[in-house]
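Scroll down for the structure; my scribbles are underneath it.
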Number of protein chains: 2
Amino acid sequence: MGNEFESRCENCIVRQFNALRAMNKEELKKVSDSKITKKLKKGEALFEEGEKLDGVFCVRNGVSKLSKLSANGKDQIVKLATKGEVIGQRSVIAEESTNLSAVAVNDMEVCFIPKDNIVTTLNANPAFTVEVLRHMAHDLREADDVIVNISQKTVKQRVAEAFLYLKNNFGEDADGFLALTLSREDIANVVGTATESCIRIISEFKKKGYIKTSGKKIGIAEERKLLDLVEGF
Amino acid sequence: MGNEFESRCENCIVRQFNALRAMNKEELKKVSDSKITKKLKKGEALFEEGEKLDGVFCVRNGVSKLSKLSANGKDQIVKLATKGEVIGQRSVIAEESTNLSAVAVNDMEVCFIPKDNIVTTLNANPAFTVEVLRHMAHDLREADDVIVNISQKTVKQRVAEAFLYLKNNFGEDADGFLALTLSREDIANVVGTATESCIRIISEFKKKGYIKTSGKKIGIAEERKLLDLVEGF
DNA sequence: TTTAAAGTATGATATTTGTCAGTTTTTGAA
DNA sequence: TTCAAAAACTGACAAATATCATACTTTAAA
């Protein structure tokens, strides 16, 4: 990692997962020449709600939570962005300040790509623009699903769903624990509930044998049961 | 309405409000030649959840609710689309079946624009693609805001917010009632609550003098009070 | 015009979820 | 290694919201 070869966007493996794969050689070269690689420790912020972004961030490693703070001091996590995902493009495209803040959930490595690169390519390369559009369409669908889930499912169902989501999107470690370990508070903020309520449900799931825990790590023991719960059985 | 002049997209006034304004003359001519104008009565569906769309709908008149049905039989309204808005582009762009259904809230007039037109222009005219992207970025931001609202505000706050939203987006009639009249059930489905809870809150607001009602029509009497409520005072 | 159906309204009650207060456990820095 | 701070946890209780039952009102179809 971080050697001369991999540090060129042209050779960066995460590009496969995002819209940058639709850039041509020249465009990519320009991006590569102007990008800045940053390392963030767990808990550090990429940007805060309300900031104006001069570019986007491409995640090379680690996970960032995108969240919005409410008047009562609670954070709602809207999305977890991982390797290959681009953060901040919504704000750059709409030319608005960000509506979300982005904080590292674990140690991260990201590339900052200045706005100009993105905007120029958007206006010149339809394939790139369409690709960005596709990703955003996908994000929008996910957002719609979250809205429906939050308003129509119980907290218990949403917690169950969150665990299944974490398994499907971030996988498990060798011992069968979820590869992405979130604090109880973060889980509560994904689900949109109070931390205590979340902890209580985790305890209940553990008691019933649906999940196993080890410190703050959580593993799915009976996926079927969680699925049934989500479906309303 | 509906005369030879207005029936050409080139002359259609609602185009100002959507991405079609970024199309050039030829593209617009093609759209105009292949589009189909439809009229829908209140309650009729443009499409149902899960359908594959062969094109998008451009709203000329009336309002459509975009909603998703949940397992427990309740509908969550995710968006209200009005004059000038384009419906279904998310699904066409992502090449997925729709995640939402679209039903007319009042009598509507829409133009159906076949997919090919859109896709061709997306790939050829970056200005159009960027414009679509901008609109989608805006929708995504709104969706994020809805998520945060639903998970962090009380039902009472959300009902108050819904009325303010209706006033700002659809205006008022001569007597000071909201120009868009929704059923109590639809309001509940926008807010994400039970119909009875919604009705109860409407009664309470009325008793307190924040709003006035006349049949199913609702008018905002004390905007300040509603705003305070939303802000948490 | 009548009448059934749909929509609106309200009370009583159950359930879910949040809040507060306090204890235990874990973590990371000195 | 120790210790203070943060995080995880638990119980008791309060508040918000949903559900069920039922009555009233409006609407639209026969």
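Side chains are part of it too, since the values below use all heavy atoms of this structure and drop only hydrogens, waters and symmetry mates. So you know, we letter chains A, B, ... as the sequences are listed, proteins then strands, and number each from 1. Note that the coordinates shown come from a computational prediction; the quantities given were computed from them, not determined experimentally.
- Counting only heavy atoms from C-beta on, B:Val155 has its side chain closest to D:dT17 among C:dT8, D:dT17, D:dA8.
- Atom CD in A:Glu204 sits roughly 13 Å away from atom C1' in C:dT17 (whole-Å rounding).
- Within 3.5 Å, no donor on the side chain of A:Arg200 pairs with an acceptor on the base of C:dG18, nor the reverse.
- As rounded to whole Å, 11 Å separates atom P of C:dG18 from atom CD of A:Gln76.
- Nucleotide C:dT27 holds its C1' atom 15 Å from the NZ atom of A:Lys217, rounded to whole Å.
- The NZ atom of B:Lys74 sits 10 Å away from the C1' atom of D:dT17 (whole-angstrom rounding).
- Between B:Glu196 atom CD and D:dC20 atom P the separation is 9 Å, expressed in whole Å.
- Comparing D:dA8, C:dG18, C:dT10 against the side chain of A:Ala194 picks out C:dG18 as the nearest.
- One atom, NZ of B:Lys207, and another, P of C:dT8, lie 18 Å apart when rounded to the nearest Å.
- Between B:Phe163 and B:Phe205, the angle of the ring planes goes over 60°, which puts this pair in the perpendicular group of the 30/60° scheme.
- A donor-acceptor contact shorter than 3.5 Å is absent between the side chain of A:Arg60 and the backbone of A:Glu109.
- Not one N or O on the side chain of A:Ser64 forms a donor-acceptor pair closer than 3.5 Å with the backbone of A:Ala104.
- The environment of NZ in B:Lys212 is crowded: more than 12 heavy-atom neighbours from other residues, nucleotides or ligands sit within 6.0 Å.
- Spacing between atom CD1 of A:Ile201 and atom P of D:dC9 amounts to 13 Å, rounded to whole angstrom units.
- Contact annotation for A:Ser183: backbone-only contact, meaning every heavy-atom pair under 4.0 Å involves sugar-phosphate atoms and none involves a base.
- Residue A:Ser197 is in base contact, counting any heavy-atom pair closer than 4.0 Å across all strands shown.
- Which of D:dT19, D:dA8, C:dG18 sits closest to the side chain of A:Arg184 comes down to D:dA8.
- The residue B:Ser203 sits close only to the backbone: its heavy atoms come under 4.0 Å of sugar-phosphate atoms, none of a base.
- The A:Ile199 side chain lies nearest to D:dA8 when the options are D:dA8, D:dT19, C:dG18.
- Between the CD atom of A:Glu185 and the P atom of D:dA6 there is a distance of 12 Å, rounded to whole Å.
- A salt bridge does not link A:Lys68 to B:Asp144: none of the charged nitrogens lies less than 4.0 Å from a carboxylate oxygen.
- The side chain of A:Lys216 has D:dA7 as its nearest neighbour among C:dT17, C:dT10, D:dA7.
- Out of D:dT10, D:dA18, C:dT17, the shortest distance to the side chain of B:Thr193 is found at D:dA18.
- The nearest heavy atom of DNA chain C to A:Arg158 and to A:Gly215 marks one nucleotide each, and the one closer to the 5' end goes with A:Arg158.
- When heavy atoms are screened at a 4.0 angstrom cut-off, B:Lys206 is found touching no nucleic acid atom at all.
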